[in-house]
S.K.: 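Sharing a structure here in structure tokens format.
Order of the sequence lines sets the chain letters (A, B, ...), proteins ahead of strands, with each chain counted from 1.
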Amino acid sequence: AQKITQTQPGMFVQEKEAVTLDCTYDTSDPSYGLFWYKQPSSGEMIFLIYQGSYDQQNATEGRYSLNFQKARKSANLVISASQLGDSAMYFCAMREDLTGGGNKLTFGTGTQLKVEL
Amino acid sequence: DVKVTQSSRYLVKRTGEKVFLECVQDMDHENMFWYRQDPGLGLRLIYFSYDVKMKEKGDIPEGYSVSREKKERFSLILESASTNQTSMYLCASRLGLSRAKLFFGSGTQLSVL
């Protein structure tokens with residue numbers, strides 16, 4: 001079963017507008033973490049933001065914020081004041097803690113964001 | 001800065017060949033991962049390791065194996081390459097801490113003909 005679901009294959013947003021990229025996840029563990037990564041056309045993977053399952057507040061990093069709704073199992077990324085350089089593929093990922101030790105990180109299928117003038 | 005180095009940026013191999021993809025990290029990270037990235041499918045986890053000589057199957061391990069003889073090196077092995085293994089392969093590493101982020105290599109684009 002898909003653990004991380006990103007339902008928007010592509011999104012368009014106008015420059016300077018805010019945009020929300022959706023991510024839902026599935027786990028029965030109480031301890032987990034959620035990451036967002038950006039992959040521009042160059043191919044590099046850029047870490048954006050992290051949210052722990054026990055964190056009391058929603059994570060923020062500059063123009064990025066994570067709308068964490070634990071009961072709904074969603075961890076949507078909000079980008080404020082979009083810029084042309086935000087055009088990229090965005091991936092949501094979940095960290096699961098294994099009983100034998102170690103962590104497993106799985107990714108969603110991604111959302112291609114295009115920022116327009 | 002953390003460096004995750006993948007030995008080849010592009011590789012072309014023939015069906016049936018044994019293929020080795022090498023990944024080395026320089027920051028003493030416990031966790032290492034191999035993903036493949038295909039359009040529309042995102043990053044899919046092949047294998048991961050949280051300690052030397054430890055390995056765990058990811059979501060799509062069939063047709064692959066791994067080796068982690070030293071902490072800094074994690075190798076992905078295609079025992080008998082097939083055309084459906086043509087893909088971009090990404091190696092990543094991280095500390096074994098909850099909030100630790102993944103650091104990625106630049107990827108290996110493998111073509112199996």
S.K.: Quick one: are B/L102 and A/F107 in side-chain contact, heavy atoms under 4.5 Å?
M.R.: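 A side-chain contact exists here, since the closest heavy-atom pair is under 4.5 Å.
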S.K.: Near A/K114 NZ, under 6.0 Å, is it more than 12 heavy atoms from other residues, nucleotides or ligands?
M.R.: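 Not buried by this count: 12 neighbours or fewer within 6.0 Å.
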S.K.: Measure the shortest side-chain to side-chain distance between A/K104 and B/D59 over non-hydrogen atoms and say whether it is less than 4.5 angstrom.
M.R.: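 Yes - at least one pair of side-chain heavy atoms lies under 4.5 Å apart.
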S.K.: Would you check if B/S98 and A/R95 make a side-chain contact, meaning some heavy-atom pair closer than 4.5 Å?
M.R.: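 A side-chain contact exists here, since the closest heavy-atom pair is under 4.5 Å.
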S.K.: Treating Ile, Leu, Val, Met, Phe, Trp and Tyr as nodes and any side-chain heavy-atom pair under 4.5 angstrom as an edge, say whether A/F68 and A/I4 lie in one connected cluster.
M.R.: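 Yes, because A/F68 and A/I4 connect within a single hydrophobic cluster, where side-chain heavy atoms sit under 4.5 Å apart.
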S.K.: Do the side chains of B/I46 and B/V66 join up, straight or via other hydrophobic residues, at under 4.5 Å, putting them in one cluster?
M.R.: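 Both belong to a single hydrophobic cluster.
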S.K.: Treating Ile, Leu, Val, Met, Phe, Trp and Tyr as nodes and any side-chain heavy-atom pair under 4.5 angstrom as an edge, say whether A/M11 and A/I49 lie in one connected cluster.
M.R.: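 Yes, one cluster joins them.
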S.K.: For residues 40-66 of chain A, which residue pairs qualify under ring-ring contact (aromatic ring centres under 6.0 Å, His included), counting only residues two or more places apart or in two chains?
M.R.: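 For residues 40-66 of chain A: A/F35-A/Y50, A/Y37-A/F47.
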S.K.: For A/K73, look at atom NZ and say whether over 12 heavy atoms of other residues, nucleotides or ligands are found less than 6.0 Å away.
M.R.: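 Above 12, so yes.
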S.K.: Provide the closest heavy-atom pair for A/L105 versus B/Y35 in the form atom of the first, atom of the second, distance.
M.R.: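 Closest approach of A/L105 to B/Y35: O-OH, 2.7 Å.
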S.K.: Is there a path from B/L76 to B/I60 through hydrophobic residues (I, L, V, M, F, W, Y) whose side chains come within less than 4.5 Å of each other?
M.R.: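 The answer is yes; both residues are in one hydrophobic cluster.
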S.K.: First locate atom CG of A/L48, then atom NZ of B/K101, and finally report the distance between them rounded to the nearest 0.5 Å.
M.R.: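 Answer for the CG-NZ pair, A/L48 versus B/K101, is 10.0 Å.
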S.K.: Testing the basics here: between B/L43 and A/F91, what is the closest heavy-atom pair and its distance to 0.1 Å?
M.R.: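 Closest approach of B/L43 to A/F91, heavy atoms only: CD1-CZ, 3.6 Å.
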S.K.: To the nearest 0.5 Å, tell me how far A/N103 CG sits from B/L95 CG.
M.R.: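 The CG atom of B/L95 is 10.5 Å from CG of A/N103, to the nearest 0.5 Å.
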S.K.: Side chain, backbone, both or neither: which part of B/R94 has an atom under 4.5 Å from a heavy atom of chain A?
M.R.: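 Only the side chain of B/R94 comes within 4.5 Å of chain A.
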S.K.: Can you find a heavy atom in the side chain of A/I46 that is under 4.5 Å from one in the side chain of B/F104?
M.R.: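 The answer is no, as the side chains (C-beta and beyond) never meet within the 4.5 Å cut-off.
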S.K.: Take atom NZ in B/K57; do more than 12 heavy atoms of anything else shown fall under 6.0 Å from it?
M.R.: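 Open: at most 12 neighbouring heavy atoms sit under 6.0 Å from NZ of B/K57.
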S.K.: Considering only heavy atoms, which portion of B/A100 lies under 4.5 Å from any heavy atom of chain A: side chain, backbone, both, or neither?
M.R.: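 Looking at B/A100, just its backbone touches chain A.
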S.K.: With a 4.5 angstrom heavy-atom cut-off, could you sort out which part of B/E30 is near chain A: side chain, backbone, both or neither?
M.R.: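 The answer is neither part of B/E30.
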S.K.: Does one hydrophobic cluster hold both B/F33 and B/L21, with members joined at side-chain heavy-atom distances below 4.5 Å?
M.R.: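 No, B/F33 and B/L21 fall in different hydrophobic clusters.
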S.K.: Between A/D97 and chain B, with a heavy-atom cut-off of 4.5 Å, which part of the residue counts as in contact: side chain, backbone, both or neither?
M.R.: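 Neither part.
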S.K.: Less than 4.5 Å to any heavy atom of chain B: does that hold for the side chain of A/Q39, its backbone, both, or neither?
M.R.: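 Contact with chain B: side chain only.
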S.K.: Just wondering, do B/F48 and A/T106 contact through their side chains at under 4.5 Å, heavy atoms?
M.R.: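 The answer is no, as the side chains (C-beta and beyond) never meet within the 4.5 Å cut-off.
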